[in-house]
Amino acid sequence: MIECNHNPPLIHDYTNLLNQSRDRVDVKRYHEPGLEECELPLVDLSGLLSENDEERASCASEICKASSEWGFFQIFNHGIKVDLLRKMRKEQAKLFKAPFERKTASGLLDNSYRWGNRTATCPKQLSWCEAFHVPLSKICDDTCYGEFNSLREVMQEYASAMQELAKSIARVLVTNMGAQRGAWEDKCNASTCFMRLNRYPPCPVSPEVFGLVPHTDSDFLTILHQDEHVGGLQLMKDSKWVAVKPNPDALVVNIGDLFQAWSNDVYKSVEHKVTVNQEVERHSIAYFLCPSYESFIGCYDEEKSVYKRFTFGEYRSQIQQDVKTFGHKVGLPRFLVST
Ligand SMILES: C=C1C[C@]23C[C@@]1(O)CC[C@H]2[C@@]12CC[C@H](O)[C@@](C)(C(=O)O1)[C@H]2[C@@H]3C(=O)O
Ligand SMILES: O=C(O)CCC(=O)C(=O)O
Ligand SMILES: [Fe+2]
C-alpha cells in the first residue's frame, strides 16, 4: 500500500501487532456471516415542540421506548440546519487532509489527536481510525486552532446546536423516570461535553480489522452525524451485530453508560463498533453529553441502585486504567454494587 502522508502509520502498528500476537487465529474470529442491516427506530423530533399534548407525549414515549429496547434511535426534523452539517463536514475533511505531522502538532485542538490504540497488544484491540477527541471547554480558545482558522466558528456553532439538542432529548428521558429535573440539569453544560471527529482511512490489510473496536460510550448520550454514504456502524441487538444503514436526513442518538447507571438499567448503553472499508474512507462526528468530572452519578432511586455512586472523573480514570492494563475498556461492570 502507498502511504499518503496524511494517514497515520496504522499499517505499521497492525503489522507489529500481528507479528507479536501469539494468538494469530484470533483475527479471523471477527467475521460475522450473514450480517443483517437494520432500520433503527426513527423519531420525528418536531413532535417535542408540538402544541398538542398528545403529540408531545407520543414523541417522548417513542424516545424512551427506543432508549430501553435498542439504546439507539435516529431523529429527523431535529432542528440542526443542513448547512451547518455540511460546513462542519467540510471543515472536518480539511482538517484530516493535513499531513500527519501537522495533526500531531503541539496544541492543535488541545492536543486531542489520537489514532489506533497505543496500548493494543493484538490486532483485535486496534482501531483503524484517527480522531480528535476535543474537550469543549477549549473550543473558545483561539490558540488551539493553529492554521485551521475557519474551523473555529463552525465548531462553536455546531457544538452549541448539539448541546441544545442533546439536552432536549436528555430532558425527555429524565422526566420519563419521574426524577427531579433541576438536580440533573446542573451537571452538564457547554464546557463539560466532548466532540469527537472521526476518520476511518481505507483499510487494505484485512476486512476483519475494526474501524473502532466494540465499545459503549462513557457519557449520558451521544448524537452522531455519520457519513452520509459510507456505512460501517454496527450495534448489538438481541445478542447479534446489526448494521445501521446511513440515513442522510437523520442523526443517530445512542444512550451512554451514565444514563444506564442513572436509570438503573432502564435505558441501555449498547455496544457498538465500526467496520472498515477497503477502498473508501469514512467520516463521522460524535457529540458526547458529559457532566463535569466532579459530578456524582448515582441512580435517581438510590436504594434500588445496582451501581455504586461514582463521579464522572472516577469513571473516566477507571476506563483509562483498564485500557492500559487490558487493552480495552471494562466500563459499568466495574461499578456494580454486587462486586
Ligand atoms: C481504546 C479505547 C478508548 C476508548 C475505550 C476503548 O477501549 C475503545 C473505544 C474508545 C472510546 C470511543 C468512544 C468514546 O470516545 C470513549 C471515551 C469511549 O467510551 O470509548 C473512547 C475511549 C477512550 O478514549 O478512553
Ligand atoms: O463512526 C461511527 O459511526 C461511530 C463512532 C463512535 O462510536 C464513537 O465515536 O464513539
Ligand atoms: Fe461510540
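Indexing begins at 1, ligand by ligand and atom by atom, following the structure's order. What you see below is based on every heavy atom in this structure, not just the backbone, and it leaves out hydrogens, waters and symmetry mates.
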- [ ] Could you tell me which N, O or S atom of H272 is nearest to the Fe ion (ligand 3)?
- [x]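 Nearest N/O/S atom: NE2.
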Open item on the list: If you consider just the N/O/S atoms, which atom of D217 is the closest one to the Fe ion (ligand 3)?
Closed with: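 Of all N, O or S atoms belonging to D217, OD1 is the one nearest the Fe ion (ligand 3).
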Task: Atoms in ligand 1 with a heavy atom of R316 nearer than 4.0 Å - done: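 Counting atoms of ligand 1 from 1, those under 4.0 Å from R316 are 17 (C), 25 (O).
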- [ ] Give the atoms of ligand 1, by number and element, whose distance to some non-hydrogen atom of T216 is under 4.0 Å.
- [x]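 It comes down to these atoms of ligand 1: 18 (C), 19 (O), 20 (O).
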Short list, please: which atoms of ligand 2 are under 4.0 Å from a heavy atom of [X]?
| X | value |
| --- | --- |
| Y200 | 1 (O), 2 (C), 4 (C), 5 (C) |
| S284 | 1 (O), 2 (C) |
| F288 | 9 (O), 10 (O) |
| V274 | 1 (O), 2 (C), 3 (O), 4 (C) |
| R196 | 9 (O) |

Measuring from [X]:[atom1] to [Y]:[atom2], what's the distance to the nearest 0.5 Å?
| X | Y | atom1 | atom2 | value |
| --- | --- | --- | --- | --- |
| Y267 | K65 | OH | NZ | 13.5 Å |
| K138 | F194 | NZ | CZ | 9.0 Å |
| I75 | L42 | CD1 | CG | 10.0 Å |
| R199 | W128 | CZ | CH2 | 11.0 Å |

Residue part near ligand 2, for [X], under 4.0 Å between non-hydrogen atoms:
| X | answer |
| --- | --- |
| Y287 | neither |
| V252 | neither |
| D227 | neither |

Among all protein non-hydrogen atoms, which one is nearest to [atom], and what is the separation to 0.1 Å?
| atom | answer |
| --- | --- |
| atom 2 (C) of ligand 1 | V323 CG2, 4.0 Å |
| atom 15 (O) of ligand 1 | H133 CE1, 2.9 Å |
| atom 18 (C) of ligand 1 | S218 OG, 3.7 Å |
| atom 24 (O) of ligand 1 | R114 NH1, 2.9 Å |
| atom 9 (O) of ligand 2 | N198 ND2, 3.0 Å |
| atom 6 (C) of ligand 2 | L212 CD2, 3.5 Å |

Below 4.0 Å from ligand 1: does a non-hydrogen atom of [X] turn up there or not?
| X | result |
| --- | --- |
| Q125 | no |
| T119 | no |
| F288 | yes |

Take the angle between the ring planes of [X] and [Y] and call it parallel below 30°, perpendicular above 60°, tilted in between.
| X | Y | answer |
| --- | --- | --- |
| F220 | F259 | perpendicular |
| F96 | F132 | tilted |
| W262 | Y300 | tilted |

Open item on the list: Please report whether the ring centroid of F288 lies less than 6.0 Å from that of H133.
Closed with: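 H133 vs F288: aromatic centres under 6.0 Å.
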Open item on the list: Just checking F310 against Y315, ring centres under 6.0 Å apart?
Closed with: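 Yes, the ring of F310 comes within the 6.0 Å limit of the ring of Y315, centre to centre.
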Short check: is a protein heavy atom less than 4.0 Å from [atom]?
| atom | value |
| --- | --- |
| atom 10 (C) of ligand 1 | no |
| atom 22 (C) of ligand 1 | no |
| atom 4 (C) of ligand 1 | no |

Task: E39 atom CD, neighbour heavy-atom count above 12 within 6.0 Å - done: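 No.
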Open item on the list: Taking CD in Q156 as the centre, count heavy atoms belonging to other residues, nucleotides or ligands within less than 6.0 Å. Is the count above 12?
Closed with: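 Buried by this count: over 12 neighbours within 6.0 Å.
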Electrostatic pair [X]-[Y], nearest N-O below 4.0 angstrom:
| X | Y | result |
| --- | --- | --- |
| R102 | E147 | yes |
| D257 | K329 | yes |
| R118 | D13 | yes |
| K87 | E157 | yes |

Report the part of [X] (side chain from C-beta onward, or backbone N, CA, C, O) that has a heavy atom under 4.0 Å from ligand 1; answer both or neither where that applies.
| X | result |
| --- | --- |
| Q320 | neither |
| V213 | side chain |
| K329 | both |

TODO: Answer yes or no for H215: is there a heavy-atom contact with ligand 2 below 4.0 Å?
DONE: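 Judged by the 4.0 Å heavy-atom criterion, H215 does count as contacting ligand 2.
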- [ ] Out of R118, H328, H215, indicate the one that has the non-hydrogen atom closest to atom 12 (C) of ligand 1.
- [x]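 The residue whose heavy atom sits nearest atom 12 (C) of ligand 1 is H215.
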TODO: Could you pull out, from R282, Q234, H225, H272, the option with a heavy atom nearest to atom 3 (O) of ligand 2?
DONE: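 The residue whose heavy atom sits nearest atom 3 (O) of ligand 2 is R282.
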Task: Flag for S284-N198: side-chain donor and acceptor within less than 3.5 Å - done: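 Side-chain D/A pair, N198 to S284: present.
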Open item on the list: Please report whether ligand 1 has a polar contact with N117, defined as an N or O pair separated by less than 3.5 Å (distance criterion only).
Closed with: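 No; the residue has no nitrogen or oxygen that sits under 3.5 Å from a nitrogen or oxygen of the ligand.
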Open item on the list: What verdict does the side-chain contact (heavy atoms from CB on, under 4.5 Å) test give for L173 and L221, after you've listed the backbone C-alpha separation in whole Å, the side-chain angles of each residue and the deciding distance to 0.1 Å?
Closed with: CA-CA 10 Å; L173 294 167; L221 63 84; 4.1 Å; yes
TODO: May I ask you to check whether Q226 has an N/O atom sitting below 3.5 Å from an N/O atom of ligand 2?
DONE: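 No, no N or O pair falls under 3.5 Å.
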Task: Shortest non-hydrogen contact from C129 toward G211 - done: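 In this case the closest contact between C129 and G211 is CB-O, 3.5 Å.
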